[in-house]
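Here the structure comes first, spelled out in structure tokens, and everything after it is commentary.
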Amino acid sequence: MKCLGTIVASASLLVVAACGSSASDDEGAGSWTYKDDLGHAISLDHAPKRLIVQSSMAAALTDLGLGDQIVGTFGPLKNAEGQPDSQVAGLDIDKAEDVTGGGEYGSIDLEKAASLKPDLVVTSAYLKSDLWYVNDATATKLKQLAPILVVSFDGKTLPQMLDSTERAAKALGADVDSDAVEKAHTDFAAAAERVERAGQALGSKKILVGSPAKDVFYVSNPEVSPDLKYWRDRLKLPLVVPAKPDEGGYFQTLSWEKADLYPADVFLYDDRVGKAGLAILDDQPVFQTLRAAKDTAYVPWTSVAPPSYRAYADIMNRLATELEKYAS
């Protein structure tokens with residue numbers, strides 16, 4: 001049974017949500033409908049102009065010209081060093097209100113979110129039914145404020161993932177035929193060619209992708225990560241594929257005693273670990289037997305990035321520059 005305080009708080013939230021979802025005379029005529037990647041049909045009585053957006057998706061929508069419509073964000077904004085996180089490259093992290101909640105993963109400060117009077121919440125999903133930075137309990141309450149539009153990355157190639165973001169952005173009013181967006185597509189294609197050439201220049205060398213943690217070593221699986229799969233299958237980067245991925249398929253967990261299970265001339269590391277995480281490698285004697293460790297051939301990998309052509313053009317250019325250092 002809910003306590004009285006919870007009932008009162010929920011009622012207050014519904015009142016604020018109702019106020020926030022009402023249209024004003026200058027918000028444009030006509031209704032707005034959209035079916036998102038999860039098949040959810042969203043209907044509003046006007047085009048959404050006030051968006052609360054997951055942080056990396058907010059950076060992508062900003063790249064596509066929708067920055068002024070983003071009134072709130074949730075999810076990571078700064079890295080362990082206190083600098084803007086690579087997940088939100090290009091986003092002015094001080095412009096919109098951060099509504100990330102405290103406590104468990106996927107929590108949102110619902111009172112703060114309600115105060116922003118959102119028309120729509122936008123996030124993504126790497127696994128079809130698992131909303132990025134929104135847990136199930138929060139999603140249920142968040143839907144009382146505004147509908148949730150989901151861009152799904154599940155089972156998609158990197159270009160398909162980026163195109164899905166553009167499809168949502170276009171529905172939200174972005175000009176996806178603008179010179180800036182067209183240039184981002186051109187830059188993406190050129191950067192992809194650079195990565196392919198850099199991979200060829202590695203010769204017989206192998207690239208291991210992973211993430212160090214205090215007690216275990218995660219080897220990432222290119223078969224399920226849209227960017228890694230694109231680089232391996234389309235651009236022919238010599239990425240190692242783990243033989244026995246964990247449930248979910250994204251990585252294989254190894255003890256540090258087995259950190260040499262796979263060859264590694266270059267180690268592509270998840271940049272979310274920061275400098276402190278990368279320093280873990282120095283204290284792992286088995287890992288230090290790998291060629292990548294002996295040569296300190298460590299290349300940062302932005303495993304979670306803004307899903308825009310602009311962001312991935314930048315990422316691939318940086319990747320090519322780093323890989324070119326280790327040409328055979």
Side-chain angles (χ1 to χ4, degrees), residues 56 76 79-80 85-87 89 105 124-128 130 132-133 153-162 192 195-196 198-199 202 205-281 284 286-288 290-293 296-307 311-312 315-316 318-320 322-323 326:
S56 55
N79 59 25
D85 199 285
S86 58
Q87 299 179 56
Y105 166 85
S124 58
Y126 284 86
L127 298 175
K128 193 166 186 179
D130 188 10
W132 198 229
Y133 282 94
F153 305 151
D154 190 24
K156 291 181 178 175
T157 65
L158 179 60
Q160 287 171 341
M161 180 180 87
L162 306 182
V195 170
E196 186 170 12
L202 290 174
K205 293 178 178 178
K206 298 294 184 182
I207 303 173
L208 185 68
V209 188
S211 180
K214 182 178 179 181
D215 299 319
V216 294
F217 179 46
Y218 298 103
V219 176
S220 295
N221 182 12
E223 291 298 325
V224 295
S225 294
D227 52 352
L228 297 179
K229 186 171 178 62
Y230 179 76
W231 298 342
R232 181 177 183 269
D233 294 352
R234 291 290 301 276
L235 307 185
K236 307 305 179 184
L237 276 192
L239 302 181
V240 173
V241 178
K244 296 180 179 180
D246 301 350
E247 184 179 357
Y250 276 89
F251 49 79
Q252 181 177 355
T253 304
L254 300 176
S255 67
W256 281 110
E257 288 75 17
K258 294 183 178 180
D260 62 347
L261 181 62
Y262 300 108
D265 298 289
V266 176
F267 179 50
L268 201 61
Y269 70 91
D270 190 328
D271 65 7
R272 290 178 295 179
V273 303
K275 293 179 181 178
L278 194 59
I280 293 172
L281 301 177
Q284 301 302 331
V286 176
F287 184 88
Q288 289 299 315
L290 295 171
R291 185 77 262 166
T296 322
Y298 301 155
V299 174
W301 165 47
T302 303
S303 62
V304 179
Y312 272 95
I315 287 168
M316 289 194 295
R318 291 196 300 271
L319 176 62
E322 290 296 319
L323 293 179
Y326 306 108

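Basis for what follows: all heavy atoms, side chains included, without hydrogens, waters or symmetry-related copies. Owing to the predicted nature of the structure, the values given are computational and were not obtained by experimental measurement.
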Within the 3.5 Å criterion, strictly below it, is a donor on Tyr262 or Gln252 matched to an acceptor on the partner's side chain?
yes

Closest approach of Pro306 to Ser86 (non-hydrogen atoms, all atoms of both residues):
CD-O, 3.8 Å

Partner residues of Arg318 under the side-chain hydrogen bond (donor to acceptor under 3.5 Å, both in side chains) criterion, sequence neighbours left out:
none

Which atom pair, heavy atoms only, marks the closest approach of Leu254 to Lys258?
CD1-O, 3.6 Å

Using a strict cut-off of less than 4.0 Å between a Lys/Arg side-chain nitrogen and an Asp/Glu carboxylate oxygen, indicate whether Glu223 and Lys229 qualify as a salt bridge.
yes

Roughly how far, to the nearest 0.5 Å, is the OH atom of Tyr250 from the OG atom of Ser303?
11.0 Å

How close do Val286 and Ala259 get, counting heavy atoms only, and between which atoms?
CG1-N, 3.9 Å

Pro307 side chain near Phe153 side chain, heavy-atom distance below 4.5 Å
yes

Calculate, to the nearest 0.5 Å, the distance between atoms CD1 and CG belonging to Ile315 and Asp227 respectively.
7.5 Å

Could you give the distance from CH2 (Trp256) to CD (Gln288), rounded to the nearest 0.5 Å?
9.5 Å

Minimal heavy-atom distance between Val304 and Ser56, with the atoms involved, is CG1-OG, 4.3 Å

Leu237 and Leu228, any side-chain heavy atoms less than 4.5 Å apart
no

So Val266 and Leu208, do their side chains get closer than 4.5 Å, heavy atoms only?
no

Going through the checks in order, is the side chain to side chain contact (heavy atoms under 4.5 Å, CB included) test met by Tyr269 and Val299?
CA-CA 6 Å; Tyr269 70 91; Val299 174; 5.7 Å; no

Kindly indicate whether the side chain of Phe251, heavy atoms from C-beta on, has any atom under 4.5 Å from the side chain of Val219.
no

Would you check, one step at a time, whether the test side chain to side chain contact (heavy atoms under 4.5 Å, CB included) holds for Glu322 with Leu319?
CA-CA 5 Å; Glu322 290 296 319; Leu319 176 62; 5.5 Å; no

With a 3.5 Å distance limit and no angle check, can you tell me whether Lys236 reaches the backbone of Glu196 through a side-chain donor-acceptor pair?
no

Residues, nucleotides or ligands: over 12 heavy atoms within 6.0 Å of Lys156 NZ:
yes

If you measure from CG on Leu268 to CG on Leu239, what distance do you get to the nearest 0.5 Å?
7.0 Å

Using the six-membered ring wherever Trp is involved, compare the ring planes of Phe217 and Phe267 and label them parallel, tilted or perpendicular (cut-offs 30° and 60°).
tilted

With a 4.5 Å cut-off on side-chain heavy atoms, are Trp301 and Trp231 touching?
yes

Which atom names give the shortest non-hydrogen contact between Pro242 and Ser220, and what distance separates them?
CD-O, 3.4 Å

Is Leu202 close to Pro238 at the side-chain level, that is, under 4.5 Å between some pair of heavy atoms?
yes

Quick one: are Asp265 and Ile207 in side-chain contact, heavy atoms under 4.5 Å?
no

To the closest 0.5 Å, what do you measure between OG1 (Thr302) and CG (Asp271)?
4.0 Å

Less than 4.5 Å apart, any side-chain heavy atom of Pro76 and any of Tyr133?
yes

Run the side chain to side chain contact (heavy atoms under 4.5 Å, CB included) check on Arg272 and Asn79 step by step: do they pass?
CA-CA 7 Å; Arg272 290 178 295 179; Asn79 59 25; over 6 Å; no

Which heavy-atom pair separates Gln284 from Lys214 by the least distance, and what is that distance?
NE2-O, 4.5 Å

dist Phe287:CZ -> Glu257:CD (nearest 0.5 Å) comes out at 14.0 Å

